[in-house]
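Below is one structure; the comments refer to it alone.
We number each residue from 1, following the sequence as shown. Start at 1 and go down the list; that is how both ligands and their atoms are numbered.
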Amino acid sequence: MMNLPLVFKGDARKFVVFGAGEIASRKIQTLVSADAQVRVVAQSAHASIEALAAAQRIELLLRAIDAPNESFATHDMVVIATQDKALNSALAKAARQAGAMVCRVDDNLGSDFVFPAVIDRSPLLVAISSGGSSPALTRYLRQRLEAFLPSELRQLGRYVEQLRERLKTTLTEPERRTFWRRWMQSVAPDQILSKQQDAADATTQQLLENKLDLMGDVALVGAGPGDPDLLTFRALRLLQSADVVFYDRLVGAQIMDLIDSSVERFYVGKAKSNHSVPQENINQLLVDYAQQGKRVVRLKGGDPFIFGRGGEELTELVAAEVSFQVVPGITAASGCAAYAGIPLTHRDHAQSVRFVTGHLKDGTCDLPWAELIHPHQTLVIYMGLTGIAHICKQLTQYGMPADTPIALVEKGTLPDQRVHTGTLATMANLIATRSIQAPTLTIIGSVVSLHEQLRWR
Ligand code: SAH
């Protein structure tokens with residue numbers, strides 16, 4: 001049989017709490033957050049409860065508890081939380097006889113009501129309850145869910161509350177129902193979650209004027225370096241609510257597996273051998289799908305604004321007046337460095353770090369070599385393996401010591417990550433003897449010497 005979940009106004013009833021230890025203190029805190037009227041009776045009280053009494057948020061009676069002589073009113077809600085089981089039973093009995101509702105923290109079967117675990121995004125509230133039978137499980141669930149319910153839900157709740165008031169006078173009941181269904185499916189809720197209130201107002205207005213039959217949006221999302229655990233919560237939420245996902249080569253299968261099978265997906269990678277989709281076509285596809293009313297996610301490896309052409313794709317969206325947001329991702333340099341145990345800066349080694357890409361449009365590698373030679377700087381090179389020998393040679397020629405440590409991180413953050421270390425002098429020969437797979441990232445500088453000591457995977 002199911003328990004009955006009801007949501008009470010905090011001040012609907014008076015609460016009497018017996019006991020003022022740690023558990024009681026948590027219940028009291030919840031009651032106070034909901035503006036309940038609370039009287040606490042206890043021999044002695046936890047400091048936090050005394051503070052609430054001093055602030056006049058609760059009434060605190062410090063005295064011995066005497067079950068037969070305590071008086072209860074019919075409509076009281078009684079929370080029994082003393083350390084003494086016999087006393088708790090006697091209090092429960094007396095309270096029930098007087099017609100009050102009882103919650104015993106030491107006996108959920110003997111309780112009329114229990115406190116659920118709560119995720120508070122007022123005015124939205126998520127309550128999770130096992131009817132008191134397994135608090136550890138409800139806490140665990142609450143923690144998991146917390147992560148998926150952004151704090152901006154509060155704003156969304158308030159926005160809806162206000163809009164609802166406004167619509168009461170302007171739309172009829174059936175119109176309101178249609179409006180809300182369309183509003184919830186539109187980009188407006190997400191615009192509020194990503195703090196684009198003006199855009200949400202515009203979307204709402206267009207919906208009200210019935211203009212907005214079809215208008216999607218695009219989220220340019222960084223997928224991080226590969227390990228799905230390194231996605232951001234927002235990235236995951238957007239992937240789960242997308243209609244269509246455009247992804248490229250660096251986005252691995254493990255991340256794509258998180259997306260529901262009903263979601264359309266398009267590979268627009270630029271693998272050397274395959275037919276690749278030209279950049280202009282990608283830009284156009286994003287615009288086309290958004291204009292068909294689709295929620296589009298453009299998923300890119302690492303961070304979309306670091307060697308990711310994110311900027312180019314957005315320009316097109318701006319021109320077509322498609323609404324968009326950008327979600328940062330963990331860039332390969334951060335991911336590879338962390339998972340290889342190579343701090344990119346370190347007070348004994350490097351005070352700055354420089355990210356460069358060696359790839360030119362024509363596939364060759366050219367870098368401002370002289371600028372890169374700096375004793376206290378870590379150099380991170382985003383590009384494939386092919387240029388490594390050339391890079392080591394050029395850096396040495398421009399004056400970087402030949403024994404400068406260098407690491408090549410292969411498939412960083414993925415289960416089969418490997419870290420190859422050597423020096424500018426040895427690296428080219430070393431990689432020639434190993435079969436190394438893309439993607440790889442190169443880290444150069446004395447921080448690399450910390451890898452032996454700090455490696456942890
Ligand atoms: N926007 C991406 C970079 C795209 S450029 C980001 O922020 O990470 C592509 C280059 O990134 C690759 O050639 C490689 O050098 C590097 N890279 C991306 N993911 C990687 C990984 N998991 N391991 C090693 N290098 C990676």
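- Of the possible donor and acceptor atoms, one in the side chain of Thr423 sits under 3.5 Å from a partner among the backbone N and O of Thr426.
- Within the 4.0 Å heavy-atom shell around ligand 1 one does not find Gly226.
- With contacts defined as side-chain heavy-atom distances shorter than 4.5 Å, the pair Pro304/Val221 does not qualify.
- Under 3.5 Å, the side chains of His46 and Glu22 contain no donor-acceptor pair of N or O atoms.
- Ligand 1 lies within reach of Leu250, whose nearest heavy atom is under 4.0 Å from it.
- Residue Val409 approaches ligand 1 through these ligand atoms, each under 4.0 Å from one of its heavy atoms: 24 (C).
- Close contacts between ligand 1 and Gly412 involve ligand atoms 21 (C), 22 (N), 23 (N), 24 (C) [criterion: under 4.0 Å to a heavy atom].
- Checking only distances, Leu414 never comes within under 3.5 Å of ligand 1, N or O to N or O.
- The closest donor-acceptor contact from the side chain of Thr204 to the backbone of Ala200 lies under 3.5 Å.
- Polar contact with ligand 1: present for Thr331 (N/O pair, distance under 3.5 Å).
- Atom 15 (O) of ligand 1 has its nearest heavy-atom neighbour, among Asp248, Thr357, Thr440, Leu441, in Thr440.
- In this structure, Met383 is part of the shell of residues with a heavy atom less than 4.0 angstrom from ligand 1.
- With no hydrogens or angles considered, a side-chain donor-acceptor pair links Asp190 and Gln325 at under 3.5 Å.
- Panel note: side chain Trp456, backbone Ala338; a donor-acceptor pair is recorded below 3.5 Å.
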Could you go step by step and tell me if Phe246 and Tyr267 meet the ring-ring contact (aromatic ring centres under 6.0 Å, His included) rule? CA-CA 6 Å; Phe246 291 90; Tyr267 177 75; over 10 Å; no
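- Near Ile306, the atoms of ligand 1 lying under 4.0 angstrom from a non-hydrogen atom of the residue are 1 (N), 2 (C), 3 (C), 6 (C), 7 (O).
- Taking every heavy atom of Pro225 and a limit of under 4.0 angstrom, the matching atoms of ligand 1 come to 21 (C), 22 (N).
- Considering Arg418, Glu410, Lys411 as possible partners of Gln437, the one that fulfils the side chain to side chain donor-acceptor pair (under 3.5 Å) test is Lys411.
- Checked against the 6.0 Å centroid criterion, the rings of Tyr289 and Phe266 qualify as a close aromatic pair.
- Checking only distances, Tyr382 never comes within under 3.5 Å of ligand 1, N or O to N or O.
- Compare Gly308, Ala332, Pro328 by their heavy atoms: the one nearest to atom 18 (C) of ligand 1 is in Ala332.
- Remark: ligand 1 atoms within the under-4.0 Å shell around heavy atoms of Cys336 are 23 (N), 24 (C).
- Annotation for ligand 1: atoms under 4.0 Å from non-hydrogen atoms of Gly301 are 1 (N), 2 (C), 6 (C).
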